Number of protein chains: 2
Amino acid sequence: MGRIKVQNSPTIRRMPSYLHELLRIRLEGRSHISTTELAECMGIELIVVRKDIALTGIAGRRRIGYEVNELITYIKDYLGWSGRITATLLGVGALGSAILGYDEFPVYGVQIESVFDSDPEKIGKVIRGHEVYDIATIGQRLSYSPPDMAIICVPAVHAQEVAEQAVAVGIKYIWNFSNITLKVPSGVIVQREVIAGGLAMLTVKMKNDKAGIYQKIE
Amino acid sequence: MGRIKVQNSPTIRRMPSYLHELLRIRLEGRSHISTTELAECMGIELIVVRKDIALTGIAGRRRIGYEVNELITYIKDYLGWSGRITATLLGVGALGSAILGYDEFPVYGVQIESVFDSDPEKIGKVIRGHEVYDIATIGQRLSYSPPDMAIICVPAVHAQEVAEQAVAVGIKYIWNFSNITLKVPSGVIVQREVIAGGLAMLTVKMKNDKAGIYQKIE
DNA sequence: TAGATTGTTAATCGATTAACAATC
DNA sequence: TAGATTGTTAATCGATTAACAATC
């Protein structure tokens, strides 16, 4: 059974918060920000922010700080959020619907392209602008050009089965909102931890076979 | 500005998963479980599970393992989930509604007692069995006997204001689902991190003024 | 007994924190 | 210049991992 280790996971957990704050700061029209100020407005120790920002590899200007746009780019790169991630939502119950309505996904580069459910009441209906497809048709609809990620919001009893279907069509990332640990083949990354207040995905960085935030990979 | 430090936070993050798994195992009618088996079925390293379980202070039986019911009790105690936590839900939009419908809250001892919103369309309506009250009446309704926790699901622009109202009525824990960092008086614990796949609250253990998972306390 | 498991102690590793150098 | 800030190196702390003792 292989495992993946998440490196710098505390830093990775904080990164989305920096990103969120920076996006807010950019909206205010600010062009530069110092770690001093960022630490102050986020309630995090200065040295922590400094170390985290340093990890992105960005160069700052002494006495001035970092260019906001540039820092946003560096953090996105660090998190692997710079490219667009296409996603399919599997299960559009209460939580799935809330996720579908989360209007900051585009900001983070996540684009939900399709929505599936097994409830005949929902199939064919349009929810938040997305037509709901029958989950039984997932192979037929997605295997030609699978999205990067499946967001699993089905009840726990169906989660494993649905995850396997997702893997079968070639999906490589699973964001698992169900209550169970999913067993998927090696190479598929299952993310089970979520940071609310941002609904941020935790980026997974591979390492060797050591401990950390694990997912069983079989 | 004071700060709180979370001790053993990696362990605390894992505890709800153990709890969830144990509840499942108990439903199967099992009376005992070994860390070997628990580690195997959860995909976590044996030694990690062993250390975590040891932290709860439970005594096991060699060659047999731990009594499932007892272990559940010890983990709940460790997390501070043994007593019942009363809660009020502030904001019943898509996410709030999903939270309201989360049927495992009672398992974890969280009891949502009241629901507030500011939308005239929703006030007075009954959503998932709860009458929605006007958020403007929160002081009048809750200050006599405030719940332990406020679950904040209002839009980011209102989150700070709503948090302050919650604090004003005497609420001591805030579970913040909004996108912003809340500024609250010292002594109120704001939890911003959530583990999905369990929607588990992260228990906060106080320590001295060192680093860790912080919340600004002012 | 042998082996599976708990229980405990020590070693290692990595994250946090402190201290200070560099410089605009 | 003085001071604010970045940048860097070292020290400390705590979590993970390894090793092994105890025992049913």
Side-chain angles (χ1 to χ4, degrees), chain A residues 3-15 18 30-68 70-71 74-75 78 202 205-214, chain B residues 1 3-15 18 30-68 70-71 74-75 78 202 205-215:
Chain A
R3 284 169 189 283
I4 51 175
K5 154 112 188 187
V6 176
Q7 246 188 321
N8 291 320
S9 75
T11 297
I12 291 171
R13 279 200 178 83
R14 289 186 295 259
M15 284 294 183
Y18 299 136
R30 300 279 304 278
S31 67
H32 290 81
I33 184 87
S34 70
T35 49
T36 316
E37 190 182 347
L38 200 53
E40 172 60 27
C41 71
M42 294 184 64
I44 299 178
E45 288 287 353
L46 172 61
I47 185 68
V48 174
V49 179
R50 194 97 64 77
K51 277 282 186 189
D52 287 343
I53 299 304
L55 271 177
T56 67
I58 193 175
R61 289 171 60 193
R62 290 170 216 249
R63 301 230 329 129
I64 289 171
Y66 300 87
E67 217 254 297
V68 175
E70 198 185 359
L71 188 48
Y74 271 78
I75 290 177
Y78 183 85
L202 190 60
K205 300 215 162 188
M206 301 287 202
K207 208 193 160 196
N208 53 13
D209 213 42
K210 297 271 182 89
I213 299 174
Y214 281 135
Chain B
M1 183 179 65
R3 285 169 190 284
I4 52 176
K5 155 111 186 186
V6 176
Q7 246 188 323
N8 291 322
S9 75
T11 297
I12 291 170
R13 279 200 178 84
R14 289 186 294 260
M15 283 294 184
Y18 300 135
R30 300 280 304 278
S31 67
H32 290 80
I33 184 89
S34 69
T35 49
T36 316
E37 191 184 345
L38 200 54
E40 172 60 27
C41 71
M42 295 185 64
I44 298 176
E45 288 286 354
L46 171 61
I47 185 68
V48 174
V49 178
R50 194 98 63 76
K51 277 285 186 189
D52 287 343
I53 299 305
L55 271 176
T56 66
I58 193 175
R61 290 171 61 192
R62 291 170 216 247
R63 303 231 326 130
I64 289 170
Y66 300 87
E67 217 255 297
V68 176
E70 197 184 2
L71 188 48
Y74 271 79
I75 290 177
Y78 183 87
L202 191 60
K205 301 214 159 186
M206 300 286 202
K207 209 195 159 193
N208 53 13
D209 213 44
K210 298 271 183 92
I213 298 174
Y214 280 134
Q215 291 295 338

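Keep in mind that what you see is a predicted model, and the values were worked out from it rather than measured. Order of the sequence lines fixes the chain letters, A, B, ..., with proteins taken first and strands second; residue numbering starts at 1 for each chain. Scope of the values below: all heavy atoms of this structure, side chains included, with no hydrogens, waters or symmetry mates.
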Item checked: Upstream residue (5' side of DNA chain D) when A/I64 and A/I47 are each assigned their closest nucleotide -> A/I64
Check: Expressed in angstrom and rounded to an integer, what is the separation of B/R61 atom CZ from D/dC24 atom P?
Finding: 10 Å
Notebook entry, point to check: Between B/R14 and D/dA15, is there a side-chain N or O to OP1/OP2 distance below 4.0 Å?
Noted result: no
Next item on the list: Taking the side chain as every heavy atom from C-beta outward, state whether B/I58 and B/E67 have any pair of such atoms under 4.5 Å apart.
Entry: no
Notebook entry, point to check: So do the side chains of B/T35 and B/Y66 get within less than 4.5 Å of each other, counting heavy atoms only?
Noted result: yes
Checklist line | Between C/dA4 (P) and B/Y66 (OH): distance, integer Å | finding: 17 Å
Next item on the list: Could you check how far CD1 of A/I53 sits from P of D/dT8, rounded to whole Å?
Entry: 15 Å
Margin query: Within the structure provided, determine whether B/R14 and B/M42 are in side-chain contact (heavy-atom separation under 4.5 Å).
Written below: no
Checklist line | Atom-to-atom span, CD of B/E45 to P of D/dT16 - whole angstrom | finding: 12 Å
Check: For D/dA4, does either OP1 or OP2 sit under 4.0 Å from a side-chain N or O belonging to A/T36?
Finding: no
Note to self: Can you tell me the base-pairing partner of C/dA11? Count Watson-Crick or G-U wobble geometry only, both distances below 3.5 Å, and say none if there is no partner.
What the structure shows: D/dT16
Note to self: Measuring from the side chain of A/S34 (C-beta onward, heavy atoms only), which nucleotide among C/dT6, D/dT5, D/dG7 has the closest atom?
What the structure shows: D/dT5
Check: Rounded to the Å, how far apart are A/Y74 OH and D/dT6 P?
Finding: 15 Å
Margin query: Taking atom types as they are modelled, would you say the side chain of A/R62 forms a donor-acceptor pair with the base of C/dA22 within the 3.5 Å cutoff?
Written below: yes
Check: Is there a donor and acceptor pair closer than 3.5 Å between the side chain of A/R50 and the base of D/dG7?
Finding: yes
Checklist line | OG1 on B/T11 to NZ on B/K51, rounded to 0.5 Å | finding: 10.0 Å
Note to self: Measuring to OP1 and OP2 of D/dT5, would you say a side-chain N or O of A/T35 lies under 4.0 angstrom away?
What the structure shows: no
Note to self: For a quick check of understanding: with a heavy-atom distance under 4.0 Å over all strands, which category does A/A59 fall into, base, sugar-phosphate or nothing?
What the structure shows: sugar-phosphate
Next item on the list: Please report, rounded to the nearest Å, how far the P atom of D/dT6 is from the CD1 atom of A/I58.
Entry: 11 Å
Next item on the list: Sort out the partner of C/dA21 for me: Watson-Crick or G-U wobble, both distances under 3.5 Å, none otherwise.
Entry: D/dT6
Checklist line | Gap between atoms NZ and C1', on A/K51 and C/dA19 respectively (whole Å) | finding: 11 Å
Notebook entry, point to check: What is the minimum heavy-atom distance between B/A39 and B/E45, and which atoms define it?
Noted result: CB-C, 4.2 Å
Next item on the list: Could you tell me the separation between the CG atom of A/L55 and the P atom of C/dG14, rounded to a whole number of Å?
Entry: 14 Å
